[in-house]
2 protein chains.
Amino acid sequence: MVSFKTVNDFRLHGGKYFMPCISIDCVIFGFHDGQLKVLLLKIANLGGWSLPGGFIYKDEHINDSAHRILIERTGLHDLFLQQFYVFGDPKRCENNITKVVFENTGINAPDNWLLQRFLTIGYYALVDFKTVNARHDLFSEDSDWHDIDNLPILAMDHKNIMQQALLTLRTHLRYEPVGYNLLPKKFTMPELQKLYETILGRKLDRRNFQRKMLSYGILKRLNQRRQGVAHKAPYLYSFDLRKYSTALEEGFQSAW
Amino acid sequence: MVSFKTVNDFRLHGGKYFMPCISIDCVIFGFHDGQLKVLLLKIANLGGWSLPGGFIYKDEHINDSAHRILIERTGLHDLFLQQFYVFGDPKRCENNITKVVFENTGINAPDNWLLQRFLTIGYYALVDFKTVNARHDLFSEDSDWHDIDNLPILAMDHKNIMQQALLTLRTHLRYEPVGYNLLPKKFTMPELQKLYETILGRKLDRRNFQRKMLSYGILKRLNQRRQGVAHKAPYLYSFDLRKYSTALEEGFQSAW
DNA sequence: AGTTCATTGTGTTATTGTAACACAATCAAA
DNA sequence: TTTGATTGTGTTACAATAACACAATGAACT
């Protein structure tokens with residue numbers, strides 16, 4: 001892996017190390033306080049926010065690039081990560097950040113690799129909010145979680161990318177297990193239900209939810225209850241990782 | 001659109017017009033004689049077959065590129081076409097066709113755009129077998145349909161791309177309507193069932209299939225029956241395109 | 001012209017899954 | 001000790017799915 005001392009170093013010489021015209025953008029979902037959140041970076045010197053993203057080393061598998069970017073941003077190795085769409089509108093880069101910066105700072109480098117048209121491969125990730133160690137990078141002056149229904153203005157087409165990711169997650173939720181990467185190792189049934197309700201954007205019946213979740217056979221009820229909570233102490237559950245993985249591969253429904 | 005007189009013209013100068021390092025490969029599914037088929041191109045002078053593919057003009061939306069490639073190959077404008085995955089293994093191009101051809105013909109151009117590492121965006125398409133006018137191009141000496149379970153040897157990672165496309169189609173079939181683009185305008189219920197059975201790779205109950213299909217409300221039964229067939233003449237159906245489109249957007253199942 | 005037979009159209013029943021709802025147990029706070 | 005929101009565990013009505021039966025059709029055969 002190559003490291004760059006300054007942003008300009010990267011802007012001027014990064015093209016030697018990275019594939020041209022293709023980037024990766026990650027929509028990193030976390031869950032906290034009953035809210036679905038996305039990790040965003042505040043763009044240095046420009047204001048505005050962007051999705052964490054990066055580029056592909058010339059000999060690197062694209063899925064490894066996405067993992068690397070995720071690890072740099074969250075410190076987490078164990079997370080759910082999946083391609084969901086390639087954004088390939090030729091106009092999507094008309095207001096790209098490098099262009100604006102070069103104009104503002106008087107740099108004239110029309111052939112610079114970052115001024116070309118870029119496609120971006122959208123990945124979405126599910127991470128455990130509490131164990132994330134959010135870090136920003138050379139190009140950003142801050143990183144923070146934002147509620148998905150209260151987003152700041154995002155650069156370029158990142159709002160669109162984010163919305164597509166959310167749609168993908170919602171669809172995904174209907175056919176495959178979700179939760180392992182978004183929740184702590186141990187969690188209660190109401191917490192899992194709240195996660196589902198948040199992603200779907202509507203209330204579910206408590207008793208039917210429990211029955212259905214248990215019927216999938218991917219949960220283990222532990223001989224522990226959540227301590228120190230008001231009201232009746234709920235049982236703790238954890239995912240049966242082997243069965244969870246199988247369900248991820250095969251899906252839930254079998255309509256035909 | 002640019003056209004090239006010869007293959008070498010394209011190989012040597014195409015880089016001026018196309019985005020670098022990114023290609024598109026299309027898995028074109030058709031249905032005939034109770035068999036699911038894929039349209040393949042026979043690679044000129046090399047033997048072996050490949051998926052129809054192409055490149056992205058520098059100012060072209062990637063989805064338009066895919067459409068253009070499809071039209072060039074099938075003559076069809078009305079088809080189902082969808083991105084399904086980006087193949088980004090850095091080793092996938094080690095045996096790429098241009099490399100082999102350059103070695104065989106003694107061309108030495110190590111910086112040639114086609115010798116770089118390429119990502120490829122996989123699209124899959126569903127087309128009406130009968131109305132397709134299969135055409136090959138400069139780089140292929142033939143094009144033909146092949147049964148999906150009896151494929152010839154495919155170049156590079158095209159076998160893998162094809163298998164991923166099939167998996168995607170199978171999954172798709174479980175949650176969204178499929179058929180409009182694979183069947184003629186008018187078709188019988190047994191023909192539709194055969195299509196489903198072929199994609200899924202197993203038999204379905206005739207009566208339950210019909211009940212379920214009709215329950216989706218995307219079919220119109222016509223006041224016509226298939227003529228000149230042995231045994232009882234089956235009714236003809238067509239898709240209600242408006243309801244079909246709605247179902248495509250919203251999906252069938254609503255597990256939660 | 002009548003018979004044969006694979007195929008189609010339509011229906012029934014048993015089983016399973018989902019939606020809607022009820023009540024007792026629990027535990028911190030009053 | 002009482003209160004009240006919350007959890008654990010049902011039950012019942014309804015809808016969807018799976019498995020199966022029989023009459024109608026029409027080309028092919030005698």
Side-chain angles (χ1 to χ4, degrees), chain A residues 33-34 173-177 179 183-184 186-198 200-238 247 250-256, chain B residues 33-34 173-177 179 183-184 186-198 200-238 247 250-256:
Chain A
D33 265 347
L173 188 73
R174 293 167 63 180
Y175 311 123
E176 293 175 26
L183 293 172
K186 299 176 183 181
F187 51 89
T188 66
M189 194 60 80
E191 286 163 3
L192 183 60
Q193 183 179 341
K194 184 71 189 171
L195 171 64
Y196 270 70
E197 290 179 337
T198 305
L200 291 170
R202 64 190 181 80
K203 292 277 174 199
L204 300 171
D205 181 277
R206 187 172 62 88
R207 294 147 290 188
N208 294 334
F209 177 84
Q210 163 148 333
R211 194 189 347 266
K212 190 157 181 176
M213 274 320 284
L214 290 177
S215 77
Y216 291 147
I218 57 174
L219 289 175
K220 281 184 298 193
R221 192 169 88 173
L222 308 176
N223 286 325
Q224 290 178 57
R225 290 162 182 267
R226 173 79 72 217
Q227 301 287 333
V229 292
H231 319 301
K232 186 170 181 176
Y235 280 105
L236 288 171
Y237 290 82
S238 68
E250 296 175 6
F252 281 149
Q253 260 39 54
S254 54
W256 294 101
Chain B
D33 265 346
L173 189 72
R174 293 167 63 181
Y175 310 123
E176 293 175 25
L183 293 172
K186 299 176 185 180
F187 51 88
T188 66
M189 194 59 80
E191 285 163 4
L192 182 61
Q193 183 179 340
K194 185 72 189 170
L195 171 64
Y196 269 69
E197 289 179 337
T198 304
L200 290 170
R202 63 189 182 83
K203 291 278 174 197
L204 300 171
D205 183 277
R206 189 172 62 88
R207 293 147 290 189
N208 294 334
F209 176 83
Q210 163 149 333
R211 196 190 344 269
K212 189 157 184 178
M213 275 319 286
L214 290 177
S215 78
Y216 291 147
I218 58 174
L219 289 174
K220 283 184 297 194
R221 192 169 88 173
L222 309 176
N223 285 325
Q224 290 177 57
R225 290 163 183 263
R226 173 78 72 214
Q227 301 289 331
V229 290
H231 318 303
K232 186 169 182 178
Y235 280 106
L236 288 171
Y237 289 82
S238 68
E250 296 175 8
F252 281 148
Q253 256 47 47
S254 55
W256 296 101

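So that the names make sense, note that chain A is the first sequence line, chain B the second, and so on, each numbered from 1. Bear in mind the structure is a predicted one, so any value in this text is a computation, not a measurement. Below, each value reflects all heavy atoms present in this structure, side chains not excepted, and no hydrogens, waters or symmetry copies.
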Once you round it to whole Å, what is the distance between P of D/dA19 and CG of B/Leu204? 11 Å
Does D/dT6 have OP1 or OP2 under 4.0 Å away from a side-chain N or O of A/Arg225? no
Indicate whether OP1 or OP2 belonging to D/dA16 is found under 4.0 Å from a side-chain N or O atom of B/Lys212. no
Quick one: list whatever passes side chain to side chain donor-acceptor pair (under 3.5 Å) with B/Gln224, sequence neighbours left out. none
Is the shortest side-chain heavy-atom distance between B/Leu192 and B/Leu219 below 4.5 Å? yes
Counterpart residues, salt bridge (charged side-chain N to carboxylate O under 4.0 Å, His left out), relative to A/Arg226 (two or more places apart): A/Glu191
Spacing of CG belonging to B/Leu222 relative to OH belonging to B/Tyr235, to within rounding of 0.5 Å: 11.0 Å
Looking only at C/dA20, D/dT7, D/dC20, the nucleotide nearest the A/Arg211 side chain is C/dA20
Between CD of B/Gln210 and C1' of D/dT17 the distance, given in whole Å, is 16 Å
Rounded interatomic separation in angstrom, taking CG from A/Leu219 and P from D/dG8: 13 Å
Contacts of B/Arg207 meeting side-chain contact (heavy atoms from CB on, under 4.5 Å) (sequence neighbours excluded), chain-then-number -> B/Asp205
Think B/Arg221 has a side-chain N or O under 4.0 angstrom from the OP1 or OP2 of C/dT10? yes
Without decimals, in angstroms, what is the distance between A/Met189 CE and D/dT9 C1'? 12 Å
The criterion is side-chain contact (heavy atoms from CB on, under 4.5 Å); which residues satisfy it with A/Lys232, sequence neighbours excluded? A/Arg225
CA sep, side-chain torsions, deciding dist, call: B/Arg221, B/Leu214, side chain to side chain contact (heavy atoms under 4.5 Å, CB included): CA-CA 9 Å; B/Arg221 192 169 88 173; B/Leu214 290 177; over 6 Å; no
C/dC21, C/dG9, C/dT8: which one has an atom nearest the side-chain heavy atoms of B/Pro190? C/dT8
Nearest whole angstrom, please: distance from the P of C/dT8 to the CG of B/Leu192. 13 Å
For B/Arg206, what residues pass the salt bridge (charged side-chain N to carboxylate O under 4.0 Å, His left out) criterion, not counting sequence neighbours? none
Partners passing side chain to side chain donor-acceptor pair (under 3.5 Å) against B/Gln210 (at least two apart in sequence or in another chain): none
Which of A/Phe209, A/Phe252, A/Tyr175 passes ring pair (Phe, Tyr, Trp, His ring centres under 6.0 Å) with A/Tyr216? It is A/Phe252
Starting from the 5' end of DNA chain C, give me the residue, B/Tyr237 or A/Ser215, whose nearest nucleotide shows up first. B/Tyr237
Passes side chain to side chain contact (heavy atoms under 4.5 Å, CB included), B/Tyr237 versus B/Met213? Steps please. CA-CA 11 Å; B/Tyr237 289 82; B/Met213 275 319 286; over 6 Å; no
A/Gln193 atom CD is separated from D/dG8 atom C1', nearest whole Å, by 13 Å
What pairs of nitrogen or oxygen atoms, one from the protein and one from nucleotides 28-30 of chain C, lie under 3.5 Å apart?
none

For A/Asp205 and for A/Ala233, locate the closest nucleotide of DNA chain C by heavy-atom distance; then report the residue assigned to the nucleotide nearer the 5' terminus. A/Asp205
Check nucleotides 21-24 of chain D for protein N or O atoms closer than 3.5 Å to its own N or O atoms and list the pairs.
unit_1 : atom_1 : unit_2   : atom_2 : d
D/dA21 : N7     : B/Arg207 : NH1    : 2.7
D/dA21 : N6     : B/Arg207 : NE     : 3.4
D/dA21 : N6     : B/Arg207 : NH1    : 2.5

Checking contacts here: which listed nucleotide (C/dT8, D/dT9, D/dA19) is nearest the side-chain heavy atoms of B/Pro234? C/dT8
When the distance from CG of A/Asn208 to C1' of D/dG10 is rounded to whole Å, what number comes out? 12 Å
State which residues pass side-chain contact (heavy atoms from CB on, under 4.5 Å) with B/Glu176; sequence neighbours excluded, sorted by chain then number. B/His172, B/Leu248
Report for the helix from C/dA1-D/dT30 to C/dA30-D/dT1: angle between first-end and last-end helix axes, five pairs each, rounded to 10 degrees. 0°
Spacing of B/Glu191 atom CD relative to C/dT8 atom C1', expressed in whole Å: 13 Å
